[in-house]
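In what follows, a single structure is set out as C-alpha cells and then discussed.
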There are 2 protein chains.
Amino acid sequence: MDAGDGTAEGPAGLSARLGRGDLMAAECPSRAVLRHLTSRWGVLVLIALQSGTHRFSDLRRKVRGVSERMLAQTLQWLEADGMVKRRDFQVVPPRVEYALTPLGVEAAEKVRILADWIEISLPRIVANWEAGEPTE
Amino acid sequence: MDAGDGTAEGPAGLSARLGRGDLMAAECPSRAVLRHLTSRWGVLVLIALQSGTHRFSDLRRKVRGVSERMLAQTLQWLEADGMVKRRDFQVVPPRVEYALTPLGVEAAEKVRILADWIEISLPRIVANWEAGEPTE
DNA sequence: AACCTTTCTGTGCGTACTTACGGAAAGTCA
DNA sequence: TGACTTTCCGTAAGTACGCACAGAAAGGTT
C-alpha cells in the first residue's frame, strides 16, 4: 500500500506553486541541499569560511580530521549550490582560494547557530550518555 | 608530518577546560552529536516533532520517504543524546510515542532555522544549478 | 485456526561515503 | 638533475548508510 515514494503533491506541485521547497516531501530538491549543507564536513567548512577567504590547505588545517579528498568533494558540492566561490590562480604549484558567496554567508549563519548550540550544550548531552535510565 | 589526527589540545583538553565542545577538534564528542542532529533523517524528525507528540507510524507518514528501519535508527540516536523521549505503552500491537525533551526542543529550534532558510532560498539555489558559470 | 493490528529487529545486499595511496602539473632551490 | 611545493583526481579498499523483506509479540476479529 505505502509505496514510500511520493510527495502527494497536487498536479502543479505544492512547493512549486508556493515558490519554495518542502523538506517533508520526498522528492523535493531541497532535500539535496540539506544533504550538502549538513554533510559531515559541509557544516564545518561553512563555519571555517565565516572568518574570510581561505586557501585549500588552510581549510584542511582548520577543519581537523578531514582528508584532502573529502574536503575537495565537499567544496565542490557547496560551490555547485552557490554557497562557495572558488578562485583558481592557475599557477603551479596550485593556489586556490575559497570564500563564501552572499548565499553562503546566510547559510553559514544558520549552520553556525546550530553548531554553537551543540558546543555549548555538549555537557548536558554527554550527561545523557552517561546517565542512561537509572530508575526506569 | 601531518598525521591528520589531532586536536592539538593542551594537556587537560581545551574543550574540557572551557566546559564546552569544539567542533573543529577531530576527536571532540561534539562531532558525534553533530552527526546525529544533521543526519539524513535527524533534521526532519526533529522538525516533525516540533508540533507535538507523535506515534511511530505518524512520524513515518509525516517524514516522507523514510523507511521503518531508518526511522527507528534515527530515533534511537536522538533518544540516546537526550533529544527525544520515548514512551512505550508495552502493549501488543505496539504503541510507542515520541516527543521532544527540553533539550530536543532547543535543538529543533536551531535545526528549524536552517531548514526554513533552505526551503525559502531553494529558488535561488536551484538557479545556481541551472546557471553554471556563463561568462567565466 | 487464520488474519489483522503496530513497532520494531535481523538478514542480505546494493549504494554512497570515506580513507589511503599514488600521480600529475610547472617552476624554484640545492 | 632531483627534491620540493600545492591542489586536486584516479584507483582500490573499507565502512557506514539505506532499503526490501521476513519475522516476532498478544489480543481481537472472522
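Chain naming here is simple, since letters A, B, ... match the order of the sequence lines and numbering starts at 1 in each. Since this is a predicted model, take the numbers as computed values, not measurements.
Heavy-atom distances under 4.0 Å link DNA chain D to B:R40 of residues 30-40 of chain B, given in residue order.
Among the nucleotides C:dC17, D:dT11, D:dG18, the one closest to the side chain of A:W77 is C:dC17. The side chain of B:W41 has D:dG18 as its nearest neighbour among C:dA25, C:dC8, D:dG18. For B:P93, whose side chain is taken as the heavy atoms from C-beta onward, the closest listed nucleotide among C:dT5, D:dC9, D:dC19 is C:dT5.
Atom-to-atom, CZ of B:R69 to P of D:dC19 comes out at 11 Å; the value is rounded to the nearest Å. Residue B:M70 contributes atom CE, which lies 15 Å from atom P of C:dT11 at whole-angstrom precision. The distance between atom CD of A:E68 and atom P of C:dA24, rounded to the nearest whole Å, is 16 Å. Separating the CG atom of B:L71 from the P atom of C:dC8 is a distance of 8 Å, rounded to the nearest angstrom. Rounded to an integer number of Å, the gap from CZ of B:R95 to C1' of C:dC8 is 16 Å. Rounded to whole Å, the distance from CZ on A:R60 to P on C:dT19 is 9 Å. As rounded to whole Å, 19 Å separates atom C1' of C:dT18 from atom CZ of A:R64. Atom P of nucleotide C:dT18 and atom CG of A:L75 are separated by 14 Å, given to the nearest angstrom.
Under the 4.5 Å side-chain criterion, counting only non-hydrogen atoms from C-beta, B:S51 is in contact with B:K62.
Ring-plane geometry between A:Y98 and A:F56 is classed as tilted, the angle between the planes lying from 30 to 60 degrees on a 0 to 90 degree scale.
Here the options are A:L103, A:L49, A:V84, A:L100, the test is side chain to side chain contact (heavy atoms under 4.5 Å, CB included), and the partner is A:L78; only A:V84 passes.
OP1 or OP2 of C:dT9 has at least one side-chain nitrogen or oxygen of B:Q76 nearer than 4.0 Å. Side-chain nitrogen and oxygen atoms of B:S67 include none within less than 4.0 Å of the OP1 or OP2 phosphate oxygen of D:dA20.
For a distance-only test at 3.5 Å, the side chain of A:R86 fails to qualify as a donor-acceptor partner of the base of D:dT7.
Contact annotation for B:Y98: backbone-only contact, meaning every heavy-atom pair under 4.0 Å involves sugar-phosphate atoms and none involves a base.
Side-chain N or O atoms of A:T101 include one that pairs as donor or acceptor with a backbone N or O of A:G82 at under 3.5 Å. In this structure, B:S67 contributes its side chain and B:M70 its backbone to a donor-acceptor pair below 3.5 Å.
The heavy-atom pair separating A:L122 from B:P29 by the smallest distance is CD1-C, 4.2 Å. Among all heavy-atom pairs drawn from B:V63 and B:A48, the shortest one is CG2-CB, 4.0 Å.
Where B:V96 and A:V92 meet DNA chain C, the nucleotide closest to each residue was compared, and B:V96 sits on the side nearer the 5' end. Sequence order on DNA chain D of the closest nucleotides to A:A72 and B:Q73 puts A:A72 first from the 5' end.
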